[in-house]
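No experiment lies behind these values; they were computed from the predicted model shown. Lettering of chains follows the sequences in order, A, B, ..., and the numbering in each one begins at 1.
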There are 2 protein chains.
Amino acid sequence: MPEEQRPRRRQARGERRVAQLLEAAAGVFCKVGYTAATTNAIAREAGVSPGTLYQFFPNKEAIAIELGGILNQRMREGHGELFTPENASLPLREMLEVIVDPMIEFNCQNPAFLALVHDSDVPGTVVMEHDVLHSSLLERVEHLLGLRAPALSAAERGRVAAMAFGLFKAGLALVLAHEGTERDAYVGEVKAALYGYLAPYVGTGAVAMTEAGPAPAATA
Amino acid sequence: MPEEQRPRRRQARGERRVAQLLEAAAGVFCKVGYTAATTNAIAREAGVSPGTLYQFFPNKEAIAIELGGILNQRMREGHGELFTPENASLPLREMLEVIVDPMIEFNCQNPAFLALVHDSDVPGTVVMEHDVLHSSLLERVEHLLGLRAPALSAAERGRVAAMAFGLFKAGLALVLAHEGTERDAYVGEVKAALYGYLAPYVGTGAVAMTEAGPAPAATA
DNA sequence: AAGAAACGCGAGTGATCGCTCGTGTTCGCC
DNA sequence: GGCGAACACGAGCGATCACTCGCGTTTCTT
C-alpha cells in the first residue's frame, strides 16, 4: 500500500490564499526570525484562521521551504541568471558590481531571504530541504568560481565559495540594518571586502573563458 | 520606596552551583542556540532541578548575560589584551596572525561564544545587556582601527569595524563547522579575507604610533 | 545547641505553540 | 438546482516552556 496521495486540485481562491499566506509568512519571518515565528501569527497577518493555514501547508517548516523556493525563483526571474560565464569573465571589479548590486537590491525588497538563510545556520532549526536557498546559492558561487579560477583545487574552491558567501551574508545583514546613505556605504564595504578577498584567487582583470588558465588583462 | 534588594550573601556551595550551571548553559547554548535552549535542559545538564537553577538566576536571559560576561572576561585573562597599540603597529599580516589566532583558538574551546553573538543578530531574542559580547568586541576592533588608521572618519571607521567583525564571525562559523586540517584551512581563509579587506584601509606594513599618519614600511 | 538563612527538590501553574477537528460556507460542474 | 469537493472557521487538544512554591536539608552564626 503505497499510501497514494490524491492531487487535491486547487481552486483560484486557494491559489490566492497561498500567495497571501506566503506574503504574511515573509513578513513575520523577517520580523522575528523563523524559529520565533508562530503559525498563528502568520495566519493572523494573512487575515485567516489557523485552520485555513493548515489547509494549504502541512506544517510550519513547509511554509519556509515553499517560501524559500518562491524567493529563489523570484530572484532568478527578477534579475536573470547572474552567475554566467559572461559575468565570470569580466574584470573582478565589474563582476562584483554586476552580481552584488542586484543581489543586494533583491534582498532589500525581500528581507525574508536573509531571515531564512540566517536561521539555517543555527542547529536544530530547519533541515536539509529548507537549505535550498543556502545550498543552491552556494553552488552557483562555487560554479562561477570554477569558471573564473579553474586552477583552484575542488577543496579550495569549496572553501573560497563558502567564505565569500558567508562574507556576503554578514555584509548583507549590515546593509539591511541601515538605511539611506549609510546603507549605500555598507554596500560599498561589501564589495570592497569581496574584492580584497577574491582578488588573490581570481585575479583583478578580465579572464579568457576558452582556455584553462586565468589571464590577467586590462582594467585595474 | 526604592525597593531595596538585600545582598543575598552566597555560600561556597552556591558559587560552585553557579559555575556548574554556566558550564551546562554553555554546552546547551552551543548545541541548540540560545532561543531553542530550555532552562530545564540546562538544569538537567548541570545535574540539578529546575528550582535550583532559579535560585541563582532570575530568568533565562540572565544566564546568557552572565555567561557572556564570563566569556568576555575569560578571553582577556587567557590571552591578555589583544587590541593593543603594540599589535596595532605591526605589519598587517603579523597583526592578523597575532590577533586572529588567539581569538579563533579561544572560540574553539568556548564555542558558546559564537552561539551567543549569533543569536544576538536575530531580532526578538536577547536585548541590549546581552550584547556585551558583541558591542565590547566591536568597540575594541574600532579602537584598534582608530590607532592603525587615524585618517579614517569616525563613520567610516565604524563601518569598517562592523564589516571586519561580521566577516570574522562568518569565518568563525565556518571554522567551527569543520575539524582537523579542513579547520586549519578555513582559519587561513579568514585571515586572507581580513587581510584583503583591511589592507586598503590600514596599509600592509608597520605603522608609527607617534605621529598621525600611517607610514607603510618593511614587510610584504 | 538552636535559630536563621542559603540550598535543593520536583510536581505543578499558566501561558503559548503547532496543529486538529467538527461544522458550516462557497465554488465548480452536471 | 443540486451534489461533492475545496475552502473557511475557531475552539481546543496535547505538548512544551519559563518559572513558582511548599517543604525538606545543609550550612553559617552565635
### Task
Report yes if a side-chain nitrogen or oxygen of A:T52 is closer than 4.0 Å to either non-bridging phosphate oxygen (OP1 or OP2) of D:dC7; otherwise report no.
no
### Query
Between A:R93 and A:Y195, is NZ or CZ placed under 6.0 angstrom from the six-membered ring centre and within 45° of the ring axis?
yes
### Message
Can you tell whether the side chains of A:K191 and A:E97 come within less than 4.0 Å, N to carboxylate O?
### Response
yes
### Message
Does D:dG10 have its OP1 or OP2 closer than 4.0 Å to a side-chain nitrogen or oxygen of A:S49?
### Response
no
#### Entry: Distance in angstrom units between A:Y34 OH and C:dC17 P, rounded
14 Å
### Task
Rounded to the nearest angstrom, tell me the gap between atom CZ in A:R16 and atom C1' in C:dT26.
12 Å
### Phosphate OP1/OP2 of C:dG18: any A:T39 side-chain N/O under 4.0 Å
yes
### Message
Checking contacts here: which listed nucleotide (D:dC19, C:dC19, C:dC17) is nearest the side-chain heavy atoms of A:T38?
### Response
C:dC17
### Query
Is any side-chain nitrogen or oxygen of A:R10 closer than 4.0 Å to OP1 or OP2 of D:dA6?
no
### Message
Within the 4.0 Å heavy-atom criterion, would you say A:A37 contacts the bases, only the backbone, or no part of the nucleic acid?
### Response
sugar-phosphate
### Query
Taking the inter-plane angle between the rings of A:F165 and A:F168 on a 0 to 90° scale, is it parallel (under 30°), tilted (30 to 60°) or perpendicular (over 60°)?
parallel
### Message
Let's see if you can work this out: which of D:dA8, D:dC19, C:dT20 has an atom nearest to the side-chain heavy atoms of A:P50?
### Response
C:dT20
### Query
Can you tell which of D:dT20, D:dC7, C:dC19 lies closest to the side chain of A:F56?
D:dC7
### Message
Of the listed nucleotides (D:dC7, C:dC19, C:dC29), which one gets closest to any side-chain atom of A:R9?
### Response
C:dC29
### Query
Of all the choices, D:dA18, C:dC9, D:dA8, which nucleotide is nearest to the side chain of B:V48 once you look at every atom?
C:dC9
### Query
For DNA chain D, whose closest nucleotide is more 5', that of B:N59 or that of B:A12?
B:N59
### Task
Indicate, with a heavy-atom threshold strictly under 4.0 Å, whether B:G51 touches base, sugar-phosphate, or nothing.
base
#### Entry: Between C:dC19 (P) and A:R44 (CZ): distance, integer Å
16 Å
### Message
At less than 4.0 Å, is any side-chain N or O atom of A:R17 found next to OP1 or OP2 of D:dA8? Yes or no.
### Response
yes
### Selected nucleotide, minimal atom distance to B:Q11 side chain, candidates C:dG18, D:dT27, D:dA6
D:dT27
#### Entry: Nearest-nucleotide pick for A:N40, side chain only, options being D:dA8, C:dG18, D:dA18
C:dG18
### Phosphate-side-chain proximity, B:Y54 and D:dT20, N/O vs OP1/OP2 below 4.0 Å
no
### Task
Rounded off to whole Å, could you give me the CD-to-P distance for the B:Q55 and D:dC19 pair?
15 Å
### Query
What is the distance, rounded to the nearest whole Å, between atom CZ of A:F57 and atom C1' of C:dT20?
18 Å
### Query
Does B:Y54 have B:K60 sitting over its ring (NZ/CZ under 6.0 Å from centre, angle to axis within 45°)?
no
### Modelled atom types, side-chain donor and acceptor of B:E61 and B:Y34, under 3.5 Å
no
### Query
Which nucleotide sits closest to the side chain of A:R13: C:dC7, D:dC7, C:dC19?
D:dC7
### Query
Is the closest basic N to carboxylate O distance between A:R159 and A:E156 below 4.0 Å?
yes
### Message
In whole Å, I'd like the distance from the CG atom of B:L53 to the P atom of C:dG10.
### Response
14 Å
